[in-house]
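Below: one structure, written as C-alpha cells.
Here the structure is a predicted model, which means the values were calculated and not measured.
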Amino acid sequence: MKHVWAVVFTLISMFFASGCRHHDSMGAKVFVVESVYHATHCLSNSIEAHALWVDSLAELQRLWENRYRSRVGGSPIAIPEVDFNTQGLLWIHMGQQSTGGYALALADPICRVKNEIASVSVNWISPASDAMVTQVITSPCILLKLPKGPFHSIQVIDQDGRVRLSEKLN
Amino acid sequence: MKTDVTNMWPSVALIVFSVMLVIACNSGGGDGVPANDDQPGVEPFIVSGTITPAGISAVDNDVNDPNAPFLANDTFDQAQQLYFPVILAGYVNLAGRGETGRSFAIGDPHDFYRITLSAGDSIVLYIARPNDTDMDLYLYRADDFTLVDASTGTGANVTLSAPNDGEFIVDVGIFSEAPTATGASSYNLIIGTAADLSDLTSYRLSHEFIAGEIVVRFTDDEVISSRALFSDDKTRGGGMDRVGGETSREMLLSFGTGEQTRSVFEALDLKPPSMVRALSTSISEAIQHKIDTLKVIKALNRRFDIKKAAPNFIRQPFIEPNDKFFGLQWHYNLIHLPEAWEMITGNDEVVVAVVDTGVLTKHPDLGARLTSDGYDFISDAGIEGNEPQEERGGIDPNPDDPGDQSAGGSSFHGTHVAGTIAADTDNAIGVAGVGWDAVRIMPLRSLGVGGGTSYDIIQAVRYAAGLPNDSGTIPANPADIINLSLGGGGHSTVEQDLYQTISQSGVIVVAAAGNEANNQKSYPAAYDGVISVSAVDYSSNLAYYSNFGDTIDIAAPGGDTSADLNADGYPDGVLSTTGDDISGTVEMGYRFSQGTSMAAPHVAGVSALMKAIWPEMAYSQFDYLLRNGLITKDLGTPGKDEAFGYGLIDAQKAILAARGGTIPTSLSVSPSAISFGTVLSTATLRLAKSGVVDAALSVRSTSDDSDWLTVFPDRVDGDGLGTYTVEVDRTGLADGIYRGNIKFVSSSNTVDVPISLLVSRNDRAGNAGYHYVLLLDPPTFNVKAQVEATFDAGVYHFSFSDVPDGEYLLYAGSDLDNDFVVGDLGNALGAYLSIDQPIVLGVDQDVVGLDFRTEFKINLFDSESFNHVSEYLPIQRNQKKRLKE
C-alpha cells in the first residue's frame, strides 16, 4: 500500500513540477499536500476534534514533545522535516474516541484553494457499527504538510464532502 | 443557616394537625398525666416533665453559653475526663471571634479531653461550621504528653484512631494560625462508636510522608495560575523551593526547618509555627516539621489558586522488581500487587489467552512469556492489515501483530494488554507484568484494521478453551483464563451459550465493560459466565469513561491520561508494552493507555496468580470468592454496586483467599471480633460453613480463655453450626481494658475470635449541655413560653407554671455557641413526642410527667443547610442575657 502512494505522489509531484501551485479545471488553485505522520493515540489538550496550523519549528517541537508524553522507552521518533519558510503543517485531531477502529488518512494529495480557503480531503474513519473493537480510548491524528499559500483558512473535508473542521491562519 | 420555610409548611401543618385532635382530647397525650382532672378549664396551667439525654453523651465544660456550668479544659492538666464510648458536643473560638458570650473576649481555641482507649478505637470530629472554621485533632499520650498523632483537613470531619491501648489526651483545636472568617464553631466528637471517616481531605501525622515537601496542583485557570503566589518566579519568594513539575501540572515544593518554615508561614499569612511544640513536652524537630508541613498544606488548600495540595507520601513496596519503568506503574500499588508478590511470583504454569490484535512476538519484554501455540483467526482479508503476503487470505498460526493501520500508526493493543498480564518481570528492562513469572500468554489474533468480527473472536475463544474450531487444532495446554479487552455489537445467544459452556468447564473469562460512560450492556462483558470489568483512575474513582451498570462484576485500574495526580511527569494511564510503526519498521517501546481494555488484564493477571497458587481453582470458585468480597476492596455503595461491582480487585486479598484453597469446607464465624465496650454484656456469634462444595464440616470444640468470658451454643444444628451466645461478666474486675479469645475448632479449620471489654466504675449519666425548653405556637413556631431546665443525675427537669389554655409544641435544646438559637448543628435538640414526630399538646388542664429525649445534631452531611425550620428555634432574649465583654 505504501508503494502505491509513493508512485501516486511521485506522479503528482512530476505533474505539478516545482512550487506545486497550479489551477484545476474549476479555476481553483491547487497544492500538493503530504501526510507526514499519523497515529491512533495522540495526546492533546482537547478531547474534541480540532485542527491546528503549525508554522514554526518551536511550535512543532512543543507539540511533538506533548504527543510523545505517553510514551517511554524505545528509540525517539524523528520529528518531521519541514521548511517553515515555505511550508506549514496542519495537525488534525479526530478527538477522543471510546474504542479502537477510528483513524484519519489523507484521501487526496491535492489541496484546493478557492476564495482564500484551502480544502484538504481526509478519510474520517469509524469502525462498522457491528464491529468488535478494542476497548481502549483512542485519539487519532494526522499531520499534513502543505506549502504556505494564498489562503487564510483551511477546511478539512471528509470522504462524504462534509466539512469536519476549519482552521483560521494567523 | 436559615432555610426556606415556605415549602415546609404544608408537611409541617399536616403532621401537626393530624395528631392535634387526638392529643387535645387526651389532655396531654403520650406519657403526659393530667394532674387536675377534676378542675378542667382553670387557668393558668402547669406543663412539666423530664428530658433524657443518651447515656454516652457528654458536653464540653467551657462552652460559650454563660448560663452553662463552667470548668476550664484548656490545658493538659485541665483535660476533661471522658469515658469510652462517648458522643460529645463542644465549642471553640478564637479571641474576638464568634458570638458574644463567656469565651468571646479571651477565646477558647482548644479543648482537652482525657480518655482511655483501645488500639484502633476511632476519634471523629464533626465540625458544625466547616465553611468558616477550620479545626484539627491532636492525640497525646496522657502520661508524658508525647504527641502520637494529628489529623488535619479542610472538610467537615477529621478522624484519628488510637495506635495502642492506653490513656490519651485528645486536643480539639481551631487551626488558629490562619486568619479564618469566623474562627468559632460548635462541634461534636464521637469516640469509639463511629466508623473511621478517613478521606482525601484529611491527612494525619502518622501518615508516612516527607516533611517539608508538598505536591501542589494549581487551578486549571491559566489566568489565575499565572497570578498564583507559588507560580515559577514567586515560589522561592514565598519561601518554598520548586523541586519539580510546573504550574500546568503537579509541582513538588519543599521548605526546610527554622527560618525557611517561618518564611513560608509568613507568606501564607500563618502565625509562627510554635503552638504544638509549646504544648507538648517531648516533640522533636522532625515531628514539628511534619506538623508544619500539614499546616502549610491546609493553608494551601484554602487558597483560590490551588486546586489540591497534598503530602509527598512515602510509598513502601513490599517487593519491587527491577524493571526500569516499574516505578511508573502506579496501578500495581493500587491493587496491592507488591504485597501479593510477597506470596507468589509464579512458575510458568498458568496460561492466559489474549484474544486481541495479536502480540508483538519480538518485543524484548514479552517474547519469553509467550506460548508457542498462538494463532491468527482473522478470516477477512480486508482487515488483515500489514500481514505478510504469504499469510494473507485467511487464518494462520502466526499470532504476531503486523499492525492495524495500513500505513503505520498502529495501536498494538494486544501487546499492551499482554504486557499488563505477563510482561517479563524483574529482568531490568521495561515494565513488570501482574503475573510476574506465573503466567504465559497465548496470543490470539482476531482484531485487525477497524476491529474484527464476533465469528473470528468465537473461533479464538474456542481454540483457547480447547474446543473444536476453524484451525482444526486445539492447543496441548488450553488456556486457564481468557482476556477479552474488546466489545461491540449486540447480544447473541450463540455467544452466550459458548461463554456459559466455557465457564462451566472451569475457564475464567474476563472482559472489558466498555468506555461509553453509560450503563448500556456491552458484550461479551455482559454475558453470564464472563467477568465484566469497569475501570478506576489513580484515585480509585470510577474512570470518567468507564461503563457501569448491573452487569459490572469488578473494577480495576484503567487509568486517566488527562491527569498526573502522582506528579511523576507522565499521564496517569496504565503503562505497558507496545510498538510504534510510523517509521515503517516497528519500534518496541512502552506507552500509557486508558480504557477498560487496560482494566480487564489486571483482573486476568491476578486470577492467574490465584490459579498459580491454587491450581484447582475454577470459574465457580473464583466467582464465589468475588461474590463474597474475598478478592476485592469494596468501593462505592457497600456490597455490589453498579460502578465497581463487588469492588476494586485486591491482589493481596485474592492471593490470601486462594492460598487457603480450603474454601469449600471452611468454618466461618461472624462477626470476626467483638468489642463489648463499657455497657454491653452479651453478643451473638454465627457459625456457618463457607464454600461452594457441599462437603461435611462439624464444630469439634468451643473454648474461651478468660474467667469473665463465656460462650455457649444457642441455636445450633447437629454439626454445631448456628448461633452462639457470648457473655461477659464485669463483676470483680478493676477498671481497665480486658482482652480475651474464643476458639472454635472445626473438622476443617480453627477460628479465633478476639474479644475486648472495657470496665469503668463511672456510672454513666449522659449530659447534653445546658437546656432551654420552649412552648411554641404550632402554626407559626413562635415561642410562647420559655424555661431553663435543671439537670440532676443525667435527667433534665422542666416546669412551665403559667401556661394559658391552648395548643403547643414542646421543644428543648442547648445553645453552646450562645447564638440565641437552639437546634443548630452541634447542639442538642429534642421535642415531645420526639424530633421525628413532634405532636401538639392540647393544654386545658395541668399536664405533667411528659418525658422525651434530646440528642446532638451532628453535621454528618458536610452541610450547614439541612436544618429544618422546626429544629432552628430562637431563644427569647429577655430570658437569657447575652454577656458583653
What residue, out of [options], has the most heavy-atom pairs lying under 4.5 Å from chain A?
| options | value |
| --- | --- |
| B:Pro364, B:Ser562, B:Gly487, B:Gly409 | B:Gly487 |
| B:Ser485, B:Gly558, B:Ala525 | B:Ser485 |
| B:Thr561, B:Leu484, B:Asp580 | B:Asp580 |

In terms of heavy-atom contacts, does CG of A:Asp160 have more than 12 from other residues, nucleotides or ligands at under 6.0 Å?
yes
Filter on salt bridge (charged side-chain N to carboxylate O under 4.0 Å, His left out), then keep only pairs touching residues 122-145 of chain A, sequence neighbours left out; what's left?
A:Glu34-A:Lys145
Do the non-hydrogen side-chain atoms of A:Thr134 and B:Leu447 ever get within less than 4.5 Å of each other?
yes
Validation row: B:His416, A:His41 side chains within 4.5 angstrom (heavy atoms)
no
Minimum-distance pair of heavy atoms, taken over all atoms of [X] and [Y]:
| X | Y | answer |
| --- | --- | --- |
| B:Gly450 | A:Pro127 | O-CB, 3.7 Å |
| A:Met132 | B:Pro524 | CE-CD, 3.9 Å |
| A:Arg71 | B:Tyr570 | O-CE2, 4.5 Å |

What pairs of residues pass the disulfide (SG to SG under 2.5 Å) test when at least one of them lies in residues 69-120 of chain A, not counting sequence neighbours?
none
Taking side chain as everything from C-beta outward and backbone as N, CA, C, O, which of these in [X] sits under 4.5 Å from a heavy atom of chain A? Side chain, backbone, both or neither.
| X | result |
| --- | --- |
| B:Ile429 | neither |
| B:Leu328 | side chain |
| B:Thr453 | backbone |
| B:Asp456 | neither |
| B:Ser410 | backbone |

Of the backbone (N, CA, C, O) and the side chain (C-beta and beyond), which part of A:Gln97 lies under 4.5 Å from a heavy atom of chain B, both, or neither?
neither
Distance col, row B:Tyr544:OH vs A:Ile47:CD1, nearest 0.5 angstrom, shows 6.5 Å
Point-to-point distance, once rounded to the nearest 0.5 Å, from CD of B:Gln405 to CD1 of A:Ile125:
7.0 Å
At a heavy-atom distance under 4.5 Å, which candidate from [options] has the highest pair count against chain B?
| options | result |
| --- | --- |
| A:Gly100, A:Ala39, A:Gly101, A:Ser98 | A:Ser98 |
| A:Val133, A:Val72, A:Thr40 | A:Val72 |
| A:His38, A:Gln135, A:Gln96 | A:Gln135 |

Under 4.5 Å, heavy atom to heavy atom, which residues of residues 590-599 of chain B contact chain A?
B:Tyr590, B:Arg591, B:Phe592, B:Ser593, B:Gln594, B:Gly595, B:Thr596, B:Ser597, B:Met598
What residues form a ring-ring contact (aromatic ring centres under 6.0 Å, His included) with A:His93, not counting sequence neighbours?
A:His50, A:Trp91
Output yes when a side-chain donor or acceptor of B:Asn515 lies under 3.5 Å from a complementary backbone atom of A:Thr99, and no otherwise.
no
